[in-house]
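These figures come from a predicted structure and were not determined experimentally. Letters A, B, ... mirror the listed sequences (proteins, then strands); counts begin at 1.
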Number of protein chains: 2
Amino acid sequence: LLIAQNLTKNYQRGIEKVKALDNVSFAVNRGQFIAITGPSGSGKTTLLHILGCLDKPTSGEVYIDNKPVSKMTEKELDNVRRLKVGFVFQQFYLLPELNVIENVKLPLLFSGNPKKVEEEYIDEILNFLGIINRKKHKPNQLSGGEMQRVAIARSLVNKPEFILADEPTANLDTENGKKIFELLIKLVEKNITVIVVTHNNELANMAQKKIVLKDGVIV
Amino acid sequence: LLIAQNLTKNYQRGIEKVKALDNVSFAVNRGQFIAITGPSGSGKTTLLHILGCLDKPTSGEVYIDNKPVSKMTEKELDNVRRLKVGFVFQQFYLLPELNVIENVKLPLLFSGNPKKVEEEYIDEILNFLGIINRKKHKPNQLSGGEMQRVAIARSLVNKPEFILADEPTANLDTENGKKIFELLIKLVEKNITVIVVTHNNELANMAQKKIVLKDGVIV
Ligand SMILES: Nc1ncnc2c1ncn2[C@@H]1O[C@H](COP(=O)(O)OP(=O)(O)OP(=O)(O)O)[C@@H](O)[C@H]1O
Ligand SMILES: Nc1ncnc2c1ncn2[C@@H]1O[C@H](COP(=O)(O)OP(=O)(O)OP(=O)(O)O)[C@@H](O)[C@H]1O
Ligand SMILES: [Mg+2]
Ligand SMILES: [Mg+2]
């Protein structure tokens, strides 16, 4: 379903070259639960962004449903980013001028809501995540963990085939973290492919497969 | 040294009132290591900002060296924020247009570097935190955990009497997280007062005193 083939990502800064990813290859099947772990700076976020078509590798290829991403049209790439993949960013990236419900519904605006997602479905997600009472708050009126949960809710709203989540429990206490584990497992049971970058060993151990990065290389 | 007396913080949003803190009181002695824990949304960040004079309570008082904060002049408050307290923010708040070393040295610019902090001292901190090779990177050229460590380095540069750290290991792996524990303990050994908000139970258990919040109340 998703293949990473010899992915390399270099960042050039003047004479300095940072090798963020070095020949990373692996395959993911539909409905699998994959954890990506490794030290800070090992290339996890870089890898996740390339898998989600939000960034291009310096060399190597990503295949989605056997189609090479480098050969996709802009229209096909948009389709991947807006409908196939739900992305939870490490930095959240909520829009400061929109409130919670507007931020969560933003992907529907871009996709035109082709799956006809209902208000009740969204409320169900917000309720499960414990943030239903924050629907009208703006991001600067939320705690760190509340912002994180809004970012998670937003990734689900287009009912994507893949969830790519970058440290989704970093700002959460144990109780709320467990709710996220539960959510991710429910998605996998619905045959959604979940790839999560995490420093949380408990969450990583729930995955069917662990990819461990160190200095941009799979170890 | 630091006294919180009946701190209450309400946020009014139209007809809705959020009670972020409700009658919170405790005392902290010089050189103590205090952990503040509790679920997401329980008021930890709100409390830390009030203790660090970055926000005012709706009612109640903070005393620093027996001086009530509400009676301090703007000059005295500036002195507290710039020299007495080193603050590590949950959202980091690094300036995007400055590189790492410029971001770390920013407090020296505001304080006029009265303690004559040297370049070697700063390099020592960056080296200990494992980010010495990122001195010239801008924040958008850093990983989440690297940004977190820059925020920690910045809080130390004015050699403050207090460190107030909001989830300083949230974006770090176990190894790098342990480095932060080590750093905080070294500071406490130097008689610096450390108050850390954390979801990390291992770090919280190293503290001499734990303050547990739930719905804005100490439990
Ligand atoms: N400006 C605001 N207006 C309204 N409500 C607010 C505002 N700022 C914070 N809150 C609310 O106050 C509560 C406490 O927020 P706070 O950031 O202190 O929580 P926290 O314990 O740090 O949570 P976390 O562990 O998620 O970081 C939250 O429920 C939040 O929604
Ligand atoms: N635009 C850039 N220019 C130069 N170096 C970069 C850039 N973006 C990232 N890097 C570097 O690439 C390395 C990998 O970054 P990445 O964000 O993928 O790490 P990570 O594994 O997600 O780390 P963390 O656990 O701290 O979030 C880091 O050392 C970072 O400094
Ligand atoms: Mg990352
Ligand atoms: Mg907080």
- Decide side chain to side chain contact (heavy atoms under 4.5 Å, CB included) for A/Leu129 and A/Ile180; before the verdict, give the C-alpha distance in whole Å, the side-chain angles of both, and the deciding distance to 0.1 Å. CA-CA 8 Å; A/Leu129 291 169; A/Ile180 305 311; 3.5 Å; yes
To the nearest 0.5 Å, what is the distance between [atom1] on [X] and [atom2] on [Y]?
X        : Y        : atom1 : atom2 : answer
B/Leu187 : B/Phe162 : CG    : CZ    : 13.5 Å
A/Leu83  : A/Phe110 : CG    : CZ    : 12.5 Å
A/Phe33  : A/Ile163 : CZ    : CD1   : 11.5 Å

Check: every donor-acceptor pair under 3.5 Å linking chain A and chain B:
from: A/Arg13; atom 1: NE; to: B/His137; atom 2: NE2; distance (Å): 3.3
from: A/Arg13; atom 1: NH1; to: B/Lys136; atom 2: O; distance (Å): 3.4
from: A/Arg13; atom 1: NH1; to: B/Gln141; atom 2: OE1; distance (Å): 2.7
from: A/Arg13; atom 1: NH2; to: B/Lys136; atom 2: O; distance (Å): 2.9
from: A/Glu16; atom 1: OE1; to: B/His137; atom 2: NE2; distance (Å): 3.4
from: A/Glu16; atom 1: OE2; to: B/His137; atom 2: NE2; distance (Å): 3.4
from: A/Ser40; atom 1: N; to: B/Asp173; atom 2: OD1; distance (Å): 2.7
from: A/Ser40; atom 1: OG; to: B/Arg149; atom 2: NH2; distance (Å): 2.6
from: A/Gln90; atom 1: NE2; to: B/Asn171; atom 2: OD1; distance (Å): 3.1
from: A/Lys136; atom 1: O; to: B/Arg13; atom 2: NH1; distance (Å): 3.4
from: A/Lys136; atom 1: O; to: B/Arg13; atom 2: NH2; distance (Å): 3.0
from: A/His137; atom 1: NE2; to: B/Arg13; atom 2: NE; distance (Å): 3.3
from: A/His137; atom 1: NE2; to: B/Glu16; atom 2: OE1; distance (Å): 3.4
from: A/His137; atom 1: NE2; to: B/Glu16; atom 2: OE2; distance (Å): 3.4
from: A/Gln141; atom 1: OE1; to: B/Arg13; atom 2: NH1; distance (Å): 2.7
from: A/Arg149; atom 1: NH2; to: B/Ser40; atom 2: OG; distance (Å): 2.6
from: A/Asn171; atom 1: O; to: B/His199; atom 2: NE2; distance (Å): 3.2
from: A/Asn171; atom 1: OD1; to: B/Gln90; atom 2: NE2; distance (Å): 3.1
from: A/Asp173; atom 1: OD1; to: B/Ser40; atom 2: N; distance (Å): 2.8
from: A/His199; atom 1: NE2; to: B/Asn171; atom 2: O; distance (Å): 3.2

- Note on the structure: Residues at least two apart in sequence or cross-chain that pass side-chain contact (heavy atoms from CB on, under 4.5 Å) with B/Pro57, listed by chain then number, are B/Leu7, B/Ile50
- Query: Passes side chain to side chain contact (heavy atoms under 4.5 Å, CB included), A/Leu54 versus A/Phe89? Steps please.
  - Reply: CA-CA 11 Å; A/Leu54 299 171; A/Phe89 295 92; 3.8 Å; yes
